[in-house]
K.L.:
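Quick one: the structure is below, questions incoming.
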Amino acid sequence: MPDPSSVSVQPVPLHRPVAVVIGARDARIRTVLWSVFTSDAAIRPVGAAADLAGVIGLLDRSAPDVVVLHDSLFGASGLGSLGLVARAAPGAALLIVGMHDHPAFVRRAHEAGAADYVRLDDAD
């Protein structure tokens, strides 16, 4: 048995960057979110899309930890289509961002499978 004092131990990273997929119709929102996420070494954006089909395609090619979706992405289909995203990324946390502040909308987001709803005005 080797002497424990002679054994060299290399540090092992405790975690990897959080992989994030972004979905927003508005290119400015996608750009701002991408910029915010790339400014933090603990977060790694892996893709961004302008519609639900694009988000689902990204989820098929990546294994994100978090999917950040702007509420406008759902359009007329409403939050009911959040289930499509949840099924495409079963291990990912779903985070909705937007401008709504009505408690009923936030409750519906949670009921549809979102881990949380963050108002863009509150997203420091």
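Computed over heavy atoms, backbone and side chain alike; hydrogens, waters and symmetry mates excluded. Each residue takes its place number in the sequence, starting with 1.
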K.L.:
Quick check for you: to the nearest 0.5 Å, what is the distance between L73 atom CG and R30 atom CZ?
P.N.:
9.5 Å
K.L.:
If we check side chain to side chain contact (heavy atoms under 4.5 Å, CB included) with V118, which of these qualifies: V97, I96, V68?
P.N.:
V97
K.L.:
Answer yes or no: is there a side-chain heavy-atom contact under 4.5 Å between S62 and V21?
P.N.:
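Yes. Closest side-chain heavy atoms under 4.5 Å.
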K.L.:
Measure across T38 and S35 and return the closest heavy-atom pair with its distance rounded to 0.1 Å.
P.N.:
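Shortest heavy-atom contact: OG1-O, 3.2 Å.
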K.L.:
Find the distance between CG (D71) and CZ (F105) and round it off to the nearest 0.5 Å.
P.N.:
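With rounding to 0.5 Å, CG (D71) is 4.5 Å from CZ (F105).
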K.L.:
Looking at side-chain heavy atoms only, is the closest gap between L69 and L82 below 4.5 Å?
P.N.:
yes
K.L.:
For the side chain of D65 and the backbone of A19, is there at least one donor-acceptor N/O pair under 3.5 Å apart?
P.N.:
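Here the side-chain-to-backbone pair exists.
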K.L.:
Please report the closest heavy-atom contact between A89 and V67, naming both atoms and the distance.
P.N.:
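Result for this residue pair: CB-CG2, 4.3 Å.
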K.L.:
Which atom pair, heavy atoms only, marks the closest approach of L94 to A86?
P.N.:
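Closest pair (atom of L94, atom of A86, distance): CD1-CB, 3.8 Å.
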K.L.:
Might you point out which heavy atoms bring Y117 and M99 nearest each other, and give the distance in Å?
P.N.:
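Smallest interatomic distance, heavy atoms only, reads OH-N, 3.4 Å.
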K.L.:
Donor-acceptor pair, R25 side chain versus A50 backbone, under 3.5 Å?
P.N.:
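Here the side-chain-to-backbone pair does not exist.
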K.L.:
Give me the atom names and distance for the closest heavy-atom approach of G54 to A49.
P.N.:
C-CB, 3.4 Å
K.L.:
Closest approach of F37 and P45, non-hydrogen atoms and distance?
P.N.:
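Distance-wise, the nearest heavy atoms are CB-CG, 3.8 Å.
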K.L.:
Would you say that L58 contacts V46 through its side chain, given a criterion of any heavy-atom pair below 4.5 Å between the two side chains?
P.N.:
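Heavy-atom side-chain distance check fails, nothing below 4.5 Å.
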